[in-house]
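When a residue number appears, it is its place in the shown sequence, counting from 1.
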Amino acid sequence: MDIQSRTNLVVYVSSLRQVRQLKRYGHLEYVSKRMRYAIIYVNEDEAKETIGRLKQLRFVKRIIESPRNELMDLLGLSDEPEAEEDQINFEEDE
């Protein structure tokens, strides 16, 4: 059984009434009533398609994709070998 890589999307909405519709596009994890945004988790390989479908909804104001994967690659915390050349070296050579 393989673990599916997922990413989260922060979806800002104009009204909280339609937040339940976001369950169709991924796993609805959190809803902020005061700031009017929702965090949904989607499969990483389907993220671009999901963002495109979410942008077509009338109540969606803005969508932010999580930069977590890029940060993990940059800091050298990922297991991907092709990301090693872009990593930041925190060790000083003295």
Novice: State, yes or no, whether a side-chain contact exists between L54 and L22 at a heavy-atom distance under 4.5 Å.
Specialist: yes

Novice: Same hydrophobic cluster for V11 and M35, using side-chain heavy-atom links shorter than 4.5 Å among ILVMFWY?
Specialist: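 Different clusters.
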
Novice: Through direct or indirect side-chain contacts below 4.5 angstrom among Ile, Leu, Val, Met, Phe, Trp and Tyr, which residues connect to L71?
Specialist: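 L71 clusters with nothing; isolated.
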
Novice: Rounded to the nearest 0.5 Å, how far does CD of Q21 lie from CG of L28?
Specialist: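 Rounded to the nearest 0.5 Å, the CG-CD separation comes out at 12.0 Å.
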
Novice: Of all residues at least two apart in sequence or in a different chain, which pass the side-chain contact (heavy atoms from CB on, under 4.5 Å) check with S5?
Specialist: E44

Novice: Could you measure the distance from the NZ atom of K23 to the CZ atom of R20? Nearest 0.5 Å is fine.
Specialist: 7.5 Å

Novice: Between V42 and I51, is there shared hydrophobic-cluster membership here, with clusters defined by ILVMFWY side-chain heavy atoms closer than 4.5 Å?
Specialist: yes

Novice: Looking at every non-hydrogen atom in both residues, tell me the closest pair between S32 and L16 and how far apart they are.
Specialist: O-CD2, 4.1 Å

Novice: Can you tell me how far apart CD1 (I63) and CG (L9) are? Round to the nearest 0.5 Å.
Specialist: 7.0 Å

Novice: Kindly state each residue pair satisfying ring-ring contact (aromatic ring centres under 6.0 Å, His included) with at least one member in residues 2-23, sequence neighbours excluded.
Specialist: Y12-Y37

Novice: Rounded to the nearest 0.5 Å, how far does CZ of R17 lie from CZ of F59?
Specialist: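 If I round to the nearest 0.5 Å, the distance is 13.0 Å.
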
Novice: Look at the side-chain heavy atoms of Ile, Leu, Val, Met, Phe, Trp and Tyr, link any pair under 4.5 Å apart, and say whether L57 and I40 land in one connected group.
Specialist: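 Yes, L57 and I40 fall within the same hydrophobic cluster.
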
Novice: Just jot down the side-chain contact (heavy atoms from CB on, under 4.5 Å) partners of E46, sequence neighbours excluded, or say none.
Specialist: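 For E46 the side-chain contact (heavy atoms from CB on, under 4.5 Å) partners, ignoring immediate neighbours, are N43, E49, T50.
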
Novice: Taking side chain to side chain donor-acceptor pair (under 3.5 Å) as the definition, give me every residue that meets it alongside E29, ordered by chain and number, with sequence neighbours left out.
Specialist: H27

Novice: Is the CZ atom of R24 crowded by more than 12 outside heavy atoms at less than 6.0 Å?
Specialist: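 Not more than 12 within 6.0 Å, no.
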
Novice: Does Y30 share a hydrophobic cluster with V10, counting links as ILVMFWY side-chain heavy atoms below 4.5 Å and allowing steps through other members?
Specialist: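 Yes, it is one cluster - the side chains of Y30 and V10 are joined through contacts under 4.5 Å.
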
Novice: Which residue pairs satisfy the side-chain hydrogen bond (donor to acceptor under 3.5 Å, both in side chains) criterion with at least one member in residues 54-68, sequence neighbours excluded?
Specialist: N8-S66, K48-E65

Novice: At their closest point, which heavy atom of T7 faces which heavy atom of A47, and how far apart are they?
Specialist: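 Closest heavy-atom pair between T7 and A47: CG2-CB, 3.9 Å.
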
Novice: Under 4.5 Å between side-chain heavy atoms, hopping through other hydrophobics if needed: is there a path connecting Y41 to V13?
Specialist: no

